[in-house]
Amino acid sequence: MDLERGWRGDASEALVAADILRNGYGVAYPHGHEQKYDLVIDVGWELLRVQVKTASDYDEYRYELEISPEKYSDGTVDIFAGAIHREGTAIYMPAHEMEKTQRVNFNPPEEMPSDWHREQANLPGEFSIDEALLKIREFTDS
């Protein structure tokens with residue numbers, strides 16, 4: 001096992017767990033490493049399975065969450081979380097909306113060159129745990 005890779009995964013899980021706790025939700029760790037998910041989050045109305053990934057630097061202000069969709073069949077994961085170590089935060093994407101990649105832009109909107117860039121930016125607030133839970137709730141209620 002690559003120790004750097006193992007440490008990075010543990011650090012990412014800890015960062016995401018801390019972020020979830022800061023937002024008022026409970027977190028549990030599954031026993032063993034056979035599950036397709038890394039954390040279980042108690043959101044009050046359901047227990048949800050979270051797969052944690054380390055988001056990679058895309059450029060100076062953007063980060064990319066990338067998964068291999070074929071590894072996660074329907075129903076094995078509810079939320080994908082991307083730990084962004086340089087920013088000290090995490091982004092969240094409901095599994096039913098996640099494709100292969102998702103980019104998030106931390107560049108301040110006032111520093112973006114145009115309105116079009118601001119509209120297309122995928123800002124961090126759009127990928128908060130609360131936004132992901134709202135989308136999951138809407139999806140399951142429909």
Side-chain angles (χ1 to χ4, degrees), residues 1-114 116-141:
M1 180 173 129
D2 179 345
L3 291 178
E4 167 63 22
R5 184 179 174 102
W7 173 89
R8 185 177 49 197
D10 290 345
S12 292
E13 288 176 21
L15 188 149
V16 169
D19 188 67
I20 291 169
L21 289 167
R22 269 193 306 274
N23 281 280
Y25 303 104
V27 176
Y29 287 86
H31 183 70
H33 295 282
E34 299 304 314
Q35 298 84 1
K36 297 286 185 189
Y37 53 92
D38 299 306
L39 304 171
V40 176
I41 175 175
D42 183 348
V43 297
W45 44 270
E46 193 167 357
L47 296 175
L48 300 173
R49 297 157 298 180
V50 180
Q51 172 60 42
V52 176
K53 297 292 182 189
T54 304
S56 48
D57 296 358
Y58 183 74
D59 61 23
E60 186 178 0
Y61 291 108
R62 291 184 291 177
Y63 301 89
E64 184 173 78
L65 174 60
E66 185 171 3
I67 64 162
S68 300
E70 66 277 3
K71 288 185 178 181
Y72 305 99
S73 58
D74 288 345
T76 58
V77 172
D78 301 301
I79 300 175
F80 288 97
I84 303 176
H85 292 278
R86 191 166 14 148
E87 304 290 337
T89 193
I91 57 171
Y92 303 88
M93 190 77 185
H96 71 273
E97 291 187 1
M98 186 68 193
E99 296 179 8
K100 185 170 173 53
T101 61
Q102 178 61 58
R103 291 190 187 123
V104 178
N105 192 332
F106 279 75
N107 191 16
E110 62 275 5
E111 293 181 18
M112 293 179 188
S114 70
W116 182 86
H117 285 90
R118 284 183 279 283
E119 290 170 11
Q120 303 298 316
N122 289 336
L123 297 172
E126 299 170 39
F127 299 93
S128 69
I129 186 64
D130 288 330
E131 284 296 316
L133 294 175
L134 179 64
K135 291 175 182 178
I136 290 170
R137 193 81 186 250
E138 290 171 350
F139 179 76
T140 57
D141 287 348

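A quick note: this is a predicted structure, and the numbers were derived from the prediction, not measured. When a residue number appears, it is its place in the shown sequence, counting from 1.
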Kindly give the heavy-atom pair with the smallest separation between Pro94 and Ile136, and that separation in Å. CB-CG1, 3.7 Å

If the condition is side-chain hydrogen bond (donor to acceptor under 3.5 Å, both in side chains), which residues does Asn23 pass it with, not counting sequence neighbours? none

Results of side-chain contact (heavy atoms from CB on, under 4.5 Å) for Leu21 - residues two or more places apart only: Val27

Quick one: list whatever passes side-chain hydrogen bond (donor to acceptor under 3.5 Å, both in side chains) with Tyr37, sequence neighbours left out. none

Which residue, Leu133, Asp130, Ile20, Ile129, forms the side chain to side chain contact (heavy atoms under 4.5 Å, CB included) with Val43? Leu133

Taking all atoms of both residues into account, what is the closest heavy-atom pair of Met98 and Leu65, and its distance? CE-O, 3.6 Å

For Glu131, enumerate each residue passing the salt bridge (charged side-chain N to carboxylate O under 4.0 Å, His left out) test, keeping only those at least two apart in sequence or located in another chain. none

State which residues pass side-chain hydrogen bond (donor to acceptor under 3.5 Å, both in side chains) with His85; sequence neighbours excluded, sorted by chain then number. Ser12

What do the steps show when you test Tyr29 against Leu39 for side chain to side chain contact (heavy atoms under 4.5 Å, CB included), and what is the final call? CA-CA 5 Å; Tyr29 287 86; Leu39 304 171; 3.2 Å; yes

Where at least one partner belongs to residues 11-33, residue pairs that pass salt bridge (Lys or Arg N to Asp or Glu O under 4.0 Å), sequence neighbours excluded: Asp19-Arg22

Sorted by chain and number, sequence neighbours left out, salt bridge (charged side-chain N to carboxylate O under 4.0 Å, His left out) with Lys36 holds for none

Looking at residues at least two apart in the chain, or sitting in another chain, which of them share a ring-ring contact (aromatic ring centres under 6.0 Å, His included) with Tyr92? none

To check you understand the geometry: which heavy-atom pair defines the closest contact between Gln35 and His31, and what is its length? NE2-O, 3.2 Å

Go through the structure and list residues passing salt bridge (charged side-chain N to carboxylate O under 4.0 Å, His left out) with Asp38, not counting sequence neighbours. none

Just how far is it from atom CZ of Arg49 to atom CD1 of Ile79, taken to the nearest 0.5 Å? 10.5 Å

Between His96 and Lys135, what is the shortest heavy-atom contact and its length? CE1-O, 3.8 Å

CD on Glu46 to OG1 on Thr140, rounded to 0.5 Å: 6.5 Å

Are any non-hydrogen side-chain atoms of Phe127 and Thr89 less than 4.5 angstrom apart? no

